[in-house]
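Notes to accompany the following structure.
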Amino acid sequence: MASHCRATNRAGAPCSAAHFRGGWCRWHDPTLADERRVFSVKGGKARSNHARAMKVLPRDVLDVERVRGIVGQTIRGVMKGDIEPGVGNCLANLLRVALAAAETSLLADLDKRLADLESIADARKVSA
Ligand SMILES: [Zn+2]
C-alpha cells in the first residue's frame with residue numbers, strides 16, 4: 001500500500017497528501033469527486049485550504065519535534081492570515097492524533113523494554 005497519493009499537482013510534482021485508498025489521497029480519490037464538488041460549491045475554499053494545508057505538512061512520519069514545528073508554523077500562519085482559522089483548527093486536531101499515536105508507540109516501546117528487563121531479572125533470580 002502506498003503511503004502517499006499517486007496524483008501530481010499542476011506543477012507536475014507528486015501530491016504530498018497521505019494515501020487514503022486506491023493509491024489516492026482524499027482530494028484525488030476519483031470516487032469522492034461528487035463530494036468534492038459539493039465541498040467546493042460551499043464557498044469554493046476546499047482547494048485553497050488543501051493547498052495551504054499541504055504547504056505546512058511534511059511528507060513523512062510526524063515525530064514530536066515535527067509536530068512542535070508544525071504547531072509553530074500553524075500559529076504563525078493563522079496569526080498572519082496565511083492559514084484560515086478553520087484549517088488551523090483542523091491541523092490542531094490532526095496533530096493531537098499524531099501526538100497520541102507517538103505516545104502510544106513510546107509506551108509500547110517502554111512496555112517491551114520493561115518486559116525485557118523483567119525477564120533478565122527473573123533469569124538472575126533463578127541462577128542466584
Ligand atoms: Zn493527492
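Atoms within a ligand are numbered from 1 in the order they appear, just like the ligands themselves.
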task: With the Zn ion (ligand 1) at the centre, find the angle made by SG from Cys25 and SG from Cys15, to 10°.
output: 120°
query: Side-chain contact, heavy-atom cut-off 4.5 Å: Cys15 with His4?
result: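 They are not in contact (no side-chain heavy atoms under 4.5 Å apart), so the answer is no.
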field: Any Arg96 side-chain heavy atom under 4.5 Å of Asn93 side chain
entry: yes
- prompt: Can any side-chain N or O of Arg6 pair as donor or acceptor with the backbone N or O of Gly22 at less than 3.5 Å?
  reply: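 At least one qualifying donor-acceptor pair exists.
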message: Which atom name would you report as the N, O or S atom of His28 nearest the Zn ion (ligand 1)?
response: ND1
query: Can an N, O or S atom be found in His4 less than 2.8 Å away from the Zn ion (ligand 1)?
result: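 For His4, the answer is no, given that no N, O or S atom comes within less than 2.8 Å of the Zn ion (ligand 1).
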Using atom types as modelled, flag every donor-acceptor pair under 3.5 Å from a side chain in residues 99-117 to any protein atom, sequence neighbours excluded.
unit_1, atom_1, unit_2, atom_2, d
Thr104, OG1, Ala100, O, 2.9
Lys112, NZ, Asp116, OD2, 2.9

